[in-house]
Undergrad: 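To start, I am sharing the structure in question, which I have written as structure tokens.
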Amino acid sequence: MTIGLAHYLLVSAALFGLGLLGVILRRNLLVIYMGLELMLNAANLALVAFSRFNNNLHGQVMVFFIITVAAAEVSVGLALIVALFRRRQSTHVEDLTSLKF
Amino acid sequence: MDWQFLAFSLVKIIAAFAVVMTMVAYSVLVERKVSAFIQDRLGPNRTQPFFAKYIPGLGPLLTRWGVFQPIADGLKAFLKEDFTPAHVRKVYFWLAPAIAMVPSLLTVAVIPFGSMMGAQKMVIADLDVGILYTFGIVSLGVYGIVLAGYAANSKYPFLGGIRSTAQMISYEISMGLSVIPIFLLVGSLNLGDVVQHQTGGWFAWHIFRQPLGFFIFLIAAFAETNRLPFDLPEADQELVGGYHTEYSSIKFALFFMAEYAAMIAVSGMMVTLFFGGWTLPFLGLDQPAATLGMGLLHILVFLGKVCCFLLLIIWVRWMLPRFRYDQLMDLGWRRFIPLALLNIVVTAGVLALLASK
Amino acid sequence: MESILFLIFAAFALGCGLMTVANPFSRSPVASALFLVLTMVWLAGLFVLLHAYFIAAVQILVYAGAVMVLFLFVIMLLDLREEELRTWNRFGVAAGVFSVVALLGVTALTILRSVPAAGAAPQLEGSTHALGAMLFRQYLLPFEGVSIVLLVAMIGVILLSKRESK
Amino acid sequence: MIVERKPLNLAERFYLPALGNGFRVTWKHFRKTLFHGRTAADETSGGYYPEVPWKVEPGYRGAPYLVRDQSGDTKCVSCQLCEFVCPPKAIRITPPGPGGPPADRANAEKMPREFEINMLRCIFCGLCQEVCPEEAIFLQKDYSLTGLTREEMVYNKERLLALGGHHTGIQKWKQKADEARAQESFPVPG
């Protein structure tokens with residue numbers, strides 16, 4: 001069996017699905033955030049695979065940018081979660097319903 | 001994937017592992033001896049197997065030097081009661097010592113510890129992104145400590161874990177920035193190329209071209225290995241041992257060995273990056289070895305340099321008092337990161353000027 | 001050899017990913033974070049198989065070494081208790097799982113039906129040098145843009161985490 | 001008290017004098033020990049412990065033992081003050097009780113039937129010695145108490161008396177009176 005682009009894409013899609021599942025099923029904000037990271041990583045895998053099988057580096061450059069933006073996003077997101085925790089003493093999504101009516 | 005490559009790699013891995021573990025054991029002994037001498041004591045000088053006293057001359061001498069002490073220490077670590085407190089988070093508690101040990105051993109994989117032996121390059125993995133790999137692995141080193149702090153489920157280890165997370169993340173940045181000028185000079189991330197670039201005369205060593213970079217790397221290395229003056233995660237007097245307070249027996253020994261293995265790894269990095277790796281600028285020792293003897297000599301040169309750095313790190317422990325936590329952070333973020341950035345800009349500028357001429 | 005490695009890495013990455021989001025043994029966020037770290041590491045292995053060494057190293061360095069440590073740090077700082085098992089909202093869960101499965105099915109179908117890409121025989125070596133040249137020539141503007149994003153994030157985090165002074 | 005912190009000069013801000021001093025001091029001691037073989041143990045007591053017994057300085061608080069008076073009688077009168085004051089509860093006294101044996105000397109109502117000190121619990125604080133009205137228990141100079149079992153480390157009356165010995169020199173209250181006198185003129189004039 002030779003491993004082709006399709007295999008990598010399938011793995012990537014499955015990982016993306018897992019991340020989405022985490023976002024939908026879990027209720028701890030931090031774990032939801034981890035689900036988001038998983039989805040970003042799935043996208044990275046797909047991009048690197050495209051880059052490899054199309055014989056150019058554009059995909060890898062894109063992954064580089066994604067990793068950078070993800071790092072920035074995580075730092076801001078975690079700061080938000082910490083700020084939220086200071087006010088509400090909780091990171092559960094059900095406890096954060098002020099905007100719900 | 002040919003089998004010859006696999007076989008040679010396996011041999012190299014086993015040899016490197018054996019050498020590193022022996023060095024770990026004996027650097028503990030050296031640390032004890034050096035600290036004893038600095039504190040007007042003699043250090044371990046009694047441990048001896050039953051046959052040692054029958055060897056005329058040599059036996060008592062070895063005993064006095066404490067040569068058998070690491071063996072006794074190791075035995076003791078294995079035989080002591082392995083105690084798991086009731087309140088710990090068990091899975092993480094058992095996982096943490098192993099995780100602490102692994103990264104420092106993995107780092108050794110990319111360090112070229114010799115030139116050639118026959119047709120074999122004396123490096124376990126000749127990676128093109130060697131230095132990035134190293135930093136990646138080093139950045140994993142924090143997990144062992146964080147997990148230990150979290151698993152112990154009591155306040156001192158917890159504080160140690162929190163402290164070490166912040167400390168290691170902070171100093172990783174200045175450590176990474178401090179070596180970038182080296183790679184501007186060399187033009188490759190491969191550590192073998194870095195060593196090759198430092199051949200030809202004393203002043204080819206990067207310590208003479210990047211003294212500031214070396215200085216920052218050295219200090220960051222102290223912080224990354226949790227050695228005094230930056231041993232805040234352990235901080236015996238404040239945190240009663242920090243993250244390994246709750247550990248006993250072989251698990252504690254693993255943390256202990258991890259610290260020394262990290263010291264060896266970081267010394268190896270310093271030697272490779274700034275002190276010419278396995279080269280010596282005379283007797284033609286800076287060219288890849290043609291004979292087996294020369295190859296062996298190169299490995300010995302490398303080990304000798306590493307030992308010098310180990311001695312330095314050990315000595316500094318007894319020389320300087322511990323920094324306060326805010327001083328540590330201040331030093332990392334407000335002094336070293338700007339300095340390292342400045343170093344990069346200046347080096348890049350000089351290189352650009354030279355290239356444009 | 002490569003296909004065996006691919007299978008191993010992919011299986012472990014997916015397994016660890018599953019343990020991240022739906023760990024049957026523990027709901028603690030620490031367990032999730034640790035399995036996510038493992039997922040990242042296995043993904044880095046996949047990147048190596050794709051000859052993207054630089055990206056693999058950066059993946060370990062940034063994701064496993066910095067981002068996830070930050071996660072752990074925050075979890076420890078907030079001292080979160082385990083997520084209580086909730087009374088499942090049956091409809092919500094069913095809808096969620098259904099949508100995920102549907103999305104996956106559509107994607108998988110698309111992938112399997114697609115014609116193989118042009119350069120199905122890969123030759124590319126992910127050399128750091130070429131990547132750097134590309135970043136600093138063709139992608140210079142986005143590169144600088146990302147640095148500004150990082151700066152803004154840094155300022156934002158400092159503002160967010162500062163306690164309000166009276 | 002407010003400690004004035006002098007502003008550091010440039011070299012001090014770079015930790016240079018600290019590094020220099022640190023190296024000088026450590027090197028001095030290192031050299032002395034390694035090349036001249038002089039250690040702190042040599043200088044204070046002449047060598048290392050098992051070969052050279054440790055010199056016990058006056059005022060050292062070792063193991064507490066019971067003492068006999070000049071005529072060989074037990075000084076302890078079983079008042080149980082030491083048992084009461086002992087912080088780690090290492091002392092256990094069994095009093096003779098209503099029908100118990102009488103004291104073996106004059107001027108004493110009773111004496112302990114059994115007097116035990118658990119040396120594993122004892123913290124050598126000296127409170128028993130201080131509180132004892134009869135000066136019957138003294139912290140002596142024994143510093144290496146060893147045993148193979150826990151039971152062995154509980155010293156009973158006979159053992160304590162045997163180890164304590166006769167203290168003919170110790171007169172009731174004499175020492176405390178001397179101490180009090182010494183306190184009056186404490187910062188020695190001159």
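Proteins come first, then strands; the chains are lettered A, B, ... in the order of their sequence lines, and each starts at number 1. Computed from a predicted model, the values in this text were never measured in an experiment.
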Undergrad: Please name all residues satisfying side-chain contact (heavy atoms from CB on, under 4.5 Å) with B/M168, sequence neighbours left out, ordered by chain then number.
TA: B/V142, B/I145, B/E224
Undergrad: Would you confirm whether B/Y92, through its side chain, and C/A31, through its main-chain N or O, come within 3.5 Å as a donor-acceptor pair?
TA: yes
Undergrad: Looking at every non-hydrogen atom in both residues, tell me the closest pair between C/M76 and B/Y150 and how far apart they are.
TA: CG-CD1, 3.7 Å
Undergrad: Which region of C/V62, side chain (C-beta onward) or backbone (N, CA, C, O), has a non-hydrogen atom less than 4.5 Å from a non-hydrogen atom of chain B, or is it both or neither?
TA: neither
Undergrad: Is any side-chain heavy atom of C/V69 closer than 4.5 Å to one of B/I169?
TA: yes
Undergrad: Is the OH atom of B/Y325 crowded by more than 12 outside heavy atoms at less than 6.0 Å?
TA: yes
Undergrad: Short question: side chain of B/Y143, backbone of C/A64 - any donor-acceptor pair under 3.5 Å?
TA: yes
Undergrad: Does any heavy atom of chain B fall under 4.5 Å from the side chain of C/A44, the backbone, both, or neither of them?
TA: neither
Undergrad: Check the surroundings of atom NZ in B/K155: do more than 12 heavy atoms from other residues, nucleotides or ligands lie under 6.0 Å from it?
TA: no
Undergrad: Compare every heavy atom of B/S139 with every heavy atom of C/G65, then report the nearest pair and how far apart it is.
TA: CA-OG, 3.3 Å
Undergrad: Just so I understand: if I count every heavy-atom pair under 4.5 Å between each of B/I162, B/L140, B/V91 and chain C, which residue has the most?
TA: B/I162
Undergrad: Locate the shortest heavy-atom distance separating C/F73 from B/A166; write the atom from each residue and the value.
TA: CE1-N, 4.3 Å
Undergrad: Testing the basics here: between B/L132 and C/A57, what is the closest heavy-atom pair and its distance to 0.1 Å?
TA: CB-CB, 3.5 Å
Undergrad: Nearest 0.5 Å, what's the CG-CD1 distance between C/L61 and B/I137?
TA: 10.0 Å
Undergrad: Checking heavy atoms, do the side chain of B/Y133, its backbone, both or neither come under 4.5 Å from chain C?
TA: backbone
